[in-house]
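Everything quoted here is computed from the prediction, not taken from an experiment.
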Amino acid sequence: MDVASAFRRFWKANGVEPRGSDVRSEILRLMWPAMIEMILLQAVQVINMMMVGRLGPVAVAAVGVTNQPIFMALSVFVALNVGTTALVARYIGAGDFKAAKEVARQSMIVTAILGILVSLLGYLLAGYAMIMMGAGPDVVETGIRYFRLISISLLFGTLATCASSIFRGAGDTRIPMIVNIATNVMVVILNSIFIYGRLGIPPMGVIGSGVSTILARVFGACLFILALHDRRAILRVPLKPPFRLSRKVLGPMLYIGFPSAAEQFFLQTGLILFARIITGLGTVTFAAHQIAANIHGMSFTPGQAFAIACVTLVGQNLGAGRPDRAEASACEARRLGLYFSSFMGLVFFFGSEPLATLYTTDDEVIKLTSQVLKIIAFFQPIQSSQFIIAGGLRGAGDTKIPLYSTAVSVWLIRLTAAYGLVYGVGLGLAGAWLAFGIDQTFRWLFITLRFKTGKWKNSVMVCREAI
């Protein structure tokens, strides 16, 4: 390690920077905590779904029906988080820590205000959400109660997500890893107590999962706030009065982040309609879809981890006036991500049935889930590349192109193909997931073509003018 560091210092001092190995080491430094965090987070979600799955298809469907409206509500915060990460990374790259700190402070204040509002609306509109999702009569009552509990937890969950975006923009992926792992381990422990009834607490079923989520997210938000106050942090952000909003700071943040929020809105509303197409196939089929979607979440891990590294490095290098290094970082992240995603594809294809049996003992659900996982396996490399390159564009502040690709692909391509393949051709659940693959392929082509033009390198200039 000492010899390698000495060589790197020598190369830099003489203007001969080893782009390949040096860029790769930066990517891996940022990626591995995010990768470990996401693997464990997905493992926790898998365990949670297994716990709920043992309660039967109705319980699985209740959780699944709740997830999409909640994800749509969270799209409100994407504008803040994407804008926060991009601007914090930009200012850190330029050496302006004061501006980076103010961006972080403003983001946390706005997140708290919106978090209270969204939590309240979610609690009051839980019944309407179940109707909108087309939940069956056997799912509605449980779904409403679970939805209300998850809505209460949103305030604390969004504060934690905002803090994660601050640390990642600053180039610190270890703190989000530690806090999120602690939070989700707590969810598993509390689920085993509240779902099944332990330590003198009566079994609460699906409702117990909602209670566990609230307690764990409160715990995680508190840990993040303490971390932001820690003097050892790369970017220390004391959250103390006055809590005034600054148009000068929020303007550029929303300028960069609003297209990403709109992207998430189109994505989540599209996924709701996608789920509505599948709910028409019955509770058993929707339960298989929800299990497949939960397992599919594991495949996001490599792409999302490398995308986080890509956002940070592209933003910091453009802030430092190094567009060449920003491009090298994105390309290297994509290449490394392909290795991981290809491996995940092999696991899904050859391990489809064993994975399904971890969730349920219902033979029909296992059969349907296994078919879907084989379809998902083929699209892993495309999905990973799309995630990572889109992350690079967001790090550059070029957030409109991912918005356009998502809006067109999800609403026009995925939904049209899904309805035609499910009901027109009669492929059922498999047809819906084939439509997912077509959607991912289109988005990958659109994003890749934009990246190759190099126009995203100039997005930083637009952002500076806005600032």
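With salt bridges taken as basic N to acidic carboxylate O contacts below 4.0 Å, none links K367 and E364.
Taking each heavy atom of F274 and L415 in turn, the nearest pair found is N-CD2, 3.6 Å. The two residues S153 and R217 make their nearest non-hydrogen contact at OG-NH1, 2.8 Å. Nearest heavy-atom pair, R168 versus P176, reported as atom, atom and distance to 0.1 Å: NH2-CB, 3.8 Å. Of all non-hydrogen atoms in A227 and I175, the two that sit nearest each other are CB-CG2, 3.9 Å. Closest of all the heavy-atom pairs between I447 and S405 is CD1-OG, 3.7 Å. The two residues A292 and I376 make their nearest non-hydrogen contact at O-CD1, 4.2 Å.
More than 12 non-hydrogen atoms from other residues, nucleotides or ligands lie less than 6.0 angstrom from NZ of K374.
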Report the C-alpha separation of L114 and T158 in whole Å, then their side-chain angles, then the decisive distance to 0.1 Å, and conclude whether the side chain to side chain contact (heavy atoms under 4.5 Å, CB included) test is met.
CA-CA 9 Å; L114 290 178; T158 53; over 6 Å; no

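One N or O on the side chain of T161 and one on the backbone of G157 form a donor-acceptor pair closer than 3.5 Å.
A side-chain contact (heavy atoms from CB on, under 4.5 Å) with S385 holds for exactly one of Q380, R334, R443, R335; it is R334.
Side-chain atoms of F194 and L215, non-hydrogen and from C-beta on, do get closer than 4.5 Å to each other.
Note: F378 and F349 meet the aromatic proximity criterion, with ring centroids under 6.0 Å apart.
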